[in-house]
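Reviewing the structure listed below.
Every number for a ligand or one of its atoms is a count from 1 in the order of the listing. None of the values given here were measured: they were computed from a predicted structure.
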Amino acid sequence: MSDSILQAPFMIEVIRACSTIYQVGWGENHAGNLSYRLTEKEKETYIDRDWEPSTEYQLENPCPQLCNEFFLVTASGSPFKNVQYNPDIHLGIIQINDKGSAYKVIWGFREGRKPTSELPTHLLCQNERIKQDPESRIILHCHPTYTIAMTFIHQLDESAFIKTMWSLNSECILVFPEGIGLLPWMVCGNGKIGSATAKKMNEYRIVLWPHHGILAAGKSVDLALGLIETVEKAAQVYVVTEGKVKQCMTDQQIEELAKAFNLKPKTGILNNLVY
Ligand SMILES: [Zn+2]
């Protein structure tokens, strides 16, 4: 693989995202991981076909939508704050085989690093999001503080959570009219949470893991990060106003907004739940 890959715009964007997430406090210690699916053009430009790949690692859950795809992935145990200094240690590129059942490392993960322990979750979510949007490229996981805090003080009912989010800021219905997926608390890093998250990604681009963090999917790093920023801002308002709320956006106001922007809010949320 040529060193020019370190100057590739997608590489620079991913490294910047890791630094940004650390700087805003959503990627403490080893928290946070991401996967980015390379475009055809990026594969042609940056993937060296003579690269000697690693041994093949089997995937517990095959991902048939991802046959022959390449992903830039963060390494297990790598702090986001350090990615910018040694990207070829803290990041790697994997190639999925032609059956979607195994992968090989083709670049990075120097010094014995491995892909994030959440790789099965990432690949299952990527597999699901591609079905919804062939241009979907990134899955991003981090620990936004107020979003996590909100999962301690708001009921963990998905519809109620979506309605509260929509009522907190005009941006919310515009940015995620389809709502947000909310899982029950689960053990992370194993197959069950991966499958459950991917199932939610069938409907939503954002999934919350209560008392842990958030996952967002998007066509670009900026779009996925933008979803998280919007959720986090609303959650911050919720947390700092908790117990003091005298008014919030009404169902009618949310509907007016959606109508003004030609959006169809998820059904079953408005007009039937209390704040
Ligand atoms: Zn996490």
- Just wondering, is there an N, O or S atom on C188 that's nearer than 2.8 Å to the Zn ion (ligand 1)? no
- Output the atom name for the N/O/S atom of H141 with the smallest distance to the Zn ion (ligand 1). NE2
- Identity of the N, O or S atom of H212 lying closest to the Zn ion (ligand 1): NE2
- Message: Regarding S136 and Q126, do their side chains bring together a donor and an acceptor under 3.5 Å, going by distance alone?
- Response: no
- Message: With a 4.0 Å cut-off on N to O distance, would you call E135 and R137 a salt bridge?
- Response: yes
- Message: Around atom NZ of K131, are there more than 12 heavy atoms from other residues, nucleotides or ligands closer than 6.0 Å?
- Response: yes
- Quick one: does N169's side chain have a donor or acceptor within less than 3.5 Å of a partner on C172's backbone? no
